[in-house]
2 protein chains.
Amino acid sequence: MEPLRFNNIYLGDAKDILPRVEDESVDLIMTSPPYAEKRKKSYGGIPENEYIDWFMPIAREFKRVLQPKGSFVLNIKEGANVQRETYVIELILELKRQGWLWTEEYIWYKTASMPGKWPNRFRDSWERCLHFTKNKKFNMYQDSVRVPIGDWSKTRLNNLKSYDKKRTISASKSGLGRKVMNWKGRDLVYPDNVLKFAPVCKNMRHSAAYPKELPLWFIKLFTKKGDIVLDPFIGSGTTGLACLESNRNFIGMEIKRKYFNLANKNIQLEQQRLINDEKK
Amino acid sequence: MEPLRFNNIYLGDAKDILPRVEDESVDLIMTSPPYAEKRKKSYGGIPENEYIDWFMPIAREFKRVLQPKGSFVLNIKEGANVQRETYVIELILELKRQGWLWTEEYIWYKTASMPGKWPNRFRDSWERCLHFTKNKKFNMYQDSVRVPIGDWSKTRLNNLKSYDKKRTISASKSGLGRKVMNWKGRDLVYPDNVLKFAPVCKNMRHSAAYPKELPLWFIKLFTKKGDIVLDPFIGSGTTGLACLESNRNFIGMEIKRKYFNLANKNIQLEQQRLINDEKK
DNA sequence: GTTCCGCATGAATCGATAG
DNA sequence: ACTATCGATTCATGCGGAA
């Protein structure tokens, strides 16, 4: 059997393709799997009550192919059918039983979520990004995702007018002076576990409108350049695009030919664009 | 035994006082219970592995006292001990088994979370507000929590704190002041299921990790004036203050005398303030 | 009176140290 | 080996005093 190539997408079921991935060869698994379907008869969808049985064998493969200091990030959100479905929180418990550490739950706050109004609830504008690891210690490059410091200090530091600036400099030996100077040189702070990215509405109707910024953030956080990122449900190729942009290698898998074709098209366009940029 | 009075706080264990509350007499249970303690020996705290056994008998009483169209809102967040604790999601499953509907999970996005930096995670800046109901249909007054359109104004008005309020009112002649005032009552849209409030620390002694805006939002959403709100873990009395402000009646319970005294003081101060305001 | 700044302080978490 | 305690890390906010 042909070994898997990097920066390529494979057409087929993840559970069939994953066995071809080498042991402990992947640095990050970043994926947004198909969410459970409410209607059991929906073609290709996984019913809520079969979701865990469907997912766990795949997670077993994840555990095999992930390197010891790697991470597995699962973007998912249960739907509501009168009440919230429980398959996601049950999946967390099951993954722990399989040996994963449930290290963190990040919130993706979708600032422009779908409009709509229902009698029981408001618009759902957040999704879970569940972070699992194999070990207590893992690779995390926190500096790569630092963000500009909050408004409060910006306002205060911007207001350092002539008088204050003079004072700050002249009083360099005082604690006050030194402290302010330290803040000025340091415009980046560490983020928290709530992510804010606007979802994008692509032309194709992949149910999960998964903006490139989301995988990109986790890719920067948990891998370095040249590392391997696996997305077994790559959809329209967003994780691949994020890898191309950040100089990581990816392995993609997609079961539906429609998305497989779309992902390949998107990837090729991006690769062409990068080549053109280099020529200039 | 003396019947429970409204707008009063009872000193003692919720499981002992709850039996005195009449069947189906409460319109909303809004509470932030003590979170599980990491250290097992910590005095008064509930260890993680005993949390569900401690909570479920209390939840049974909640079910008895809540009226059929009422709501139960639980503000809670699991801590981390290398990995995230699972007692909260297990509690959700257990409450469902007890007959509750897990109607929704709101996110409280704390804009000012605890600082700190660790090798394996960022600062935790969100908490769960789990919404349970007894029935598919329940009281929800969505219009009462509508917000001005657009993110900037939403953030701004939600965060109208002392300083901004003062400025908004006092600067009525300035453009900014008038502009902000004009937004109120105009172009109102429904919010989503992510709430943004900054935690405030009012007193030197007690950490008000639970800002008044949080219970106030749910009180407005799930009750009308004159309704009964129960908080069996009322702490420093925040839920009671929110009720006084919004003309709801509350029943409070608190096991620790220190908080019981503080809550009574806060409630009395607020009642006195309301009386003074009326005289003017 | 209004704006501005220093300071204290939080539902935190980890790793090391001590018992 | 297992548990309790402690120091280090970090940043948005309200408050009070100063400009």
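Chain letters run A, B, ... following the sequence lines, proteins first and then strands; every chain starts at 1. These numbers were taken from a predicted model, which means no experiment stands behind them.
- Pair assignment for dT10(D): none, as no Watson-Crick or G-U wobble contacts are both less than 3.5 Å.
- Among dG10(C), dC14(C), dA12(D), the nucleotide with an atom closest to any side-chain atom of Ala80(B) is dC14(C).
- Look at the C1' atom in both dG1(C) and dA19(D): the space between them is 13 Å, to the nearest Å.
- The interatomic distance linking Phe197(B) (CZ) with dG14(D) (P) rounds to 14 Å, in whole Å.
- Rounded to an integer number of Å, the gap from CD of Glu85(B) to P of dA11(C) is 17 Å.
- For Asn193(A) and Glu105(A), the side-chain atoms include no donor-acceptor pair closer than 3.5 Å.
- When the nucleotides dC11(D), dA11(C), dT13(D) are ranked by their closest atom to the side chain of Ala209(B), dA11(C) comes out on top.
- Atoms CZ (Phe122(B)) and C1' (dT13(C)) sit 14 Å apart, rounded to a whole Å.
- The aromatic ring centroids of Phe218(A) and His131(A) lie 6.0 Å or more from each other.
- Going from the P atom of dA11(C) to that of dC15(D) covers 15 Å, rounded to whole Å.
- Regarding Asp192(A), its CG atom lies at a distance of 16 Å from the P atom of dA11(C), rounded to whole Å.
- At a threshold of 4.0 angstrom between heavy atoms, the contacts of Lys136(A) are confined to the sugar-phosphate backbone, with no base atom among them.
- Contact annotation: Arg121(B) side-chain N/O to dC14(C) OP1/OP2 distance is under 4.0 Å.
- Between the CH2 atom of Trp118(B) and the P atom of dA12(C) there is a distance of 9 Å, given to the nearest Å.
- Heavy atoms of Pro34(B) sit under 4.0 angstrom from at least one base atom.
- Taking the six-membered ring for Trp and thresholds of 30 and 60 degrees, Trp217(B) and Tyr106(B) have ring planes more than 60 degrees apart, a perpendicular arrangement.
- Of the two residues near DNA chain C, Glu127(B) and Val82(B), the one whose nearest nucleotide lies more 5' is Glu127(B).
- Thr133(A) and Ser71(A) share no side-chain donor-acceptor pair at under 3.5 Å.
- For the pair Asn81(B) and dT13(C), the criterion of a side-chain N or O lying under 4.0 Å from OP1 or OP2 is not met.
- Pair assignment for dA11(C): none, as no Watson-Crick or G-U wobble contacts are both less than 3.5 Å.
- Distance Lys117(B) NZ to dT13(C) P: 16 Å, rounded to the nearest Å.
- Considering only side-chain N and O atoms, Thr111(B) lies under 4.0 angstrom from the phosphate OP1 or OP2 of dT13(D).
- Using a 4.0 Å heavy-atom criterion, one finds that Pro191(A) contacts no nucleic acid atom at all.
- Between Arg84(B) atom CZ and dA11(C) atom P the separation is 15 Å, expressed in whole Å.
- Ring centers of Phe62(A) and Trp100(A): at least 6.0 Å apart, outside the cut-off.
- Looking at Ser32(B), its side chain comes within 3.5 Å of the base of dA11(C) through a donor and an acceptor atom.
- Side-chain contact annotation: Thr31(B) with Asp231(B), donor-acceptor N/O pair under 3.5 Å present.
- Straight-line distance from the CG atom of Asn120(B) to the C1' atom of dT10(D): 15 Å, rounded to whole Å.
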